[in-house]
Amino acid sequence: MMKLTGYSLPASSTPVYLNILKKHSIFSSNIFQRNPTKSRGPSTYTQRDQVLADDVMVAGQYLPPWFSVAPMMDWTDNHYRTLARLISKHAWLYTEMLAAETIVYQKDNLDRFLAYSPEQHPIVLQIGGNNLENLAKATELANPYHYDEINFNCGCPSPKVAGHGCFGARLMLDPKFVGEAMSVIAANTDVPVSVKCRIGVDDHDSYNELCDFIYKVSSLSPTRHFIIHSRKAMLNGISPAENRSIPPLKYEYFYGLLRDFPDLRFTINGGINCVDEVNAARRAGAHGVMVGRAAYHNPWQVLGHVDSVIYGAPSSGITRRQILEKYQVYGDSVLGKYGIKPHVRDVVKPLLHLFYSEPGNGLWKRKADAAFQNCKHEFEKKKPQP
């Protein structure tokens with residue numbers, strides 16, 4: 001592997017961002033209850049940000065991806081994204097990862113996998129795979145759905161993906177192929193392309209190896225945006241869930257990339273759980289911040305402050321009751337749209353976290369679960385019989 005001796009980690013063993021993040025994360029579990037409206041947004045919305053925002057608004061009608069919700073299998077489906085968009089108008093949303101083979105083989109049933117409501121913009125389609133022909137076909141088949149960006153998964157450590165599937169995080173070991181894949185994807189779409197990856201895989205976890213990956217992919221393709229999960233992936237011996245906690249976070253790698261690749265854009269991912277931590281990362285130089293499970297498990301408190309605190313937009317003033325009423329209209333429109341799917345439980349699952357950590361949350365979830373059971377039975381009775 002080519003060694004890029006010009007790349008090195010910052011001299012300090014503790015980057016600026018870690019000091020900022022530690023100061024805020026002490027209170028991350030109750031930061032919104034303590035001061036939900038005090039915004040650091042204006043102090044981070046700089047003249048540089050405004051120029052970038054103007055450029056993006058002219059080109060794509062949307063504000064930049066300063067905040068995005070990570071693609072999560074079985075979680076960031078159409079239902080969750082509908083709820084997320086009701087709460088935040090400016091957060092960038094990602095689909096679950098879709099294998100290129102799934103898109104190709106389901107070409108006569110694409111709406112089930114690729115359709116979404118126009119309100120979900122800005123939205124990014126994440127695809128995975130290791131076959132260049134299928135990646136090209138999948139990208140072309142996705143074009144009529146007008147996603148705002150196509151993202152390539154090089155970070156999933158799941159045995160089904162990185163093991164048996166031989167893609168996801170395993171592709172970091174073959175940057176030449178990733179560069180070729182990104183060129184193929186870019187050649188078949190008119191929207192920007194990006195890569196989501198880890199900082200390394202197994203024992204291939206040095207900063208030089210990460211730089212080698214970024215350098216080769218960006219040199220061999222039009223890729224200019226990388227989402228960096230600041231942990232390495234361990235493909236043998238631990239589960240995907242453990243891969244989100246056991247490998248240590250190395251934010252210094254991310255901030256090294258900002259310094260060593262000034263012509264590229266980098267979004268940080270991993271271990272960031274609230275908007276104060278998002279703004280801390282942006283103040284430290286991150287072009288964008290991606291939040292995963294915190295945005296799913298605590299959507300009201302996390303997404304509810306994105307527009308005002310991060311983007312400096314006026315608060316919509318929407319209440320959770322109004323969100324539930326709007327979501328009910330959506331639920332009624334999609335229930336059973338594809339035969340027996342989606343089920344009531346599928347549609348309502350994201351709502352279970354709407355009152356996360358608040359008094360009565362347990363009762364809400366129990367009552368909701370009981371109601372879902374009854375709704376399911378009623379739905380089964382009303383289904384047309386063959």
Side-chain angles (χ1 to χ4, degrees), residues 1 7-10 12-22 24-25 28 68-76 94 96-97 126 128 151-175 178 194-214 217 226-258 260 266-274 277-278 280-281 284 286 288-297:
M1 178 173 288
Y7 301 119
S8 61
L9 293 177
S12 169
S13 60
T14 304
V16 174
Y17 171 58
L18 282 181
N19 294 325
I20 298 172
L21 183 57
K22 285 176 182 176
H24 290 285
S25 61
S28 61
S68 56
V69 178
M72 294 175 282
M73 293 296 292
D74 298 321
W75 286 11
T76 52
Y94 279 63
E96 304 170 88
M97 184 194 71
Q126 187 186 69
N151 178 262
F152 189 47
N153 185 313
C154 294
C156 180
S158 165
K160 292 182 180 179
V161 173
H164 175 71
C166 291
F167 59 101
R170 188 171 295 278
L171 292 181
M172 289 196 70
L173 301 176
D174 191 355
V178 176
S194 60
V195 168
K196 187 174 190 294
C197 63
R198 294 279 182 134
I199 59 170
V201 177
D202 293 330
D203 294 331
H204 299 275
D205 59 353
S206 71
Y207 181 69
N208 268 354
E209 287 171 299
L210 175 61
C211 288
D212 182 55
F213 176 82
I214 300 296
V217 174
F226 292 83
I227 298 99
I228 308 294
H229 186 145
S230 300
R231 289 184 175 93
K232 74 174 181 178
M234 299 176 67
L235 302 184
N236 297 307
I238 67 173
S239 69
E242 291 171 324
N243 257 297
R244 296 191 296 270
S245 58
I246 291 178
L249 287 162
K250 292 187 176 181
Y251 293 121
E252 62 268 30
Y253 279 29
F254 175 84
Y255 289 98
L257 294 176
L258 289 178
D260 291 329
F266 293 98
T267 292
I268 191 170
N269 175 226
I272 298 174
N273 297 309
C274 68
E277 293 174 355
V278 171
V289 182
M290 177 176 279
V291 176
R293 277 151 181 78
Y296 187 90
H297 288 306

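Numbering starts at 1 and runs along the sequence shown.
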Mind listing the closest non-hydrogen atom pair of [X] and [Y] along with its distance?
X: Val289; Y: Ala281; result: CG2-CB, 3.8 Å
X: Cys197; Y: Phe213; result: SG-CE2, 3.9 Å
X: Met73; Y: Glu96; result: C-OE1, 3.6 Å
X: Cys211; Y: Leu257; result: SG-CD2, 4.1 Å
X: Arg198; Y: Leu210; result: O-CD1, 3.9 Å
X: Tyr251; Y: Gly270; result: OH-O, 2.6 Å

With sequence neighbours excluded, what pairs up with [X] under the side chain to side chain donor-acceptor pair (under 3.5 Å) test?
X: Asp174; result: none
X: Ser230; result: none
X: Thr76; result: none

Exercise. Residues in side-chain contact (heavy atoms from CB on, under 4.5 Å) with Asp202, at least two apart?
Worked result: Met234, Leu235, Asn236
Exercise. Tyr207 side chain to Gly256 main-chain N or O, any donor-acceptor pair under 3.5 Å?
Worked result: yes
Exercise. Does Tyr296 reach the main-chain N or O of Ala70 with its side chain, forming a donor-acceptor pair under 3.5 Å?
Worked result: no
When rounded to the nearest 0.5 angstrom, what is the spacing between [atom1] in [X] and [atom2] in [Y]?
X: Lys196; Y: Asn269; atom1: NZ; atom2: CG; result: 4.0 Å
X: Ser206; Y: Ile199; atom1: OG; atom2: CD1; result: 10.0 Å
X: Ser68; Y: Met290; atom1: OG; atom2: CE; result: 3.5 Å
X: Phe152; Y: Gln126; atom1: CZ; atom2: CD; result: 9.5 Å

Exercise. Which residue, Leu171, Val178, Asp212, forms the side chain to side chain contact (heavy atoms under 4.5 Å, CB included) with Val217?
Worked result: Val178
For this session: If a pair satisfies salt bridge (Lys or Arg N to Asp or Glu O under 4.0 Å) and one of its residues is in residues 233-249, list it, with sequence neighbours excluded.
Result: none
Exercise. Looking at residues at least two apart in the chain, or sitting in another chain, which of them share a salt bridge (charged side-chain N to carboxylate O under 4.0 Å, His left out) with Lys232?
Worked result: Asp205
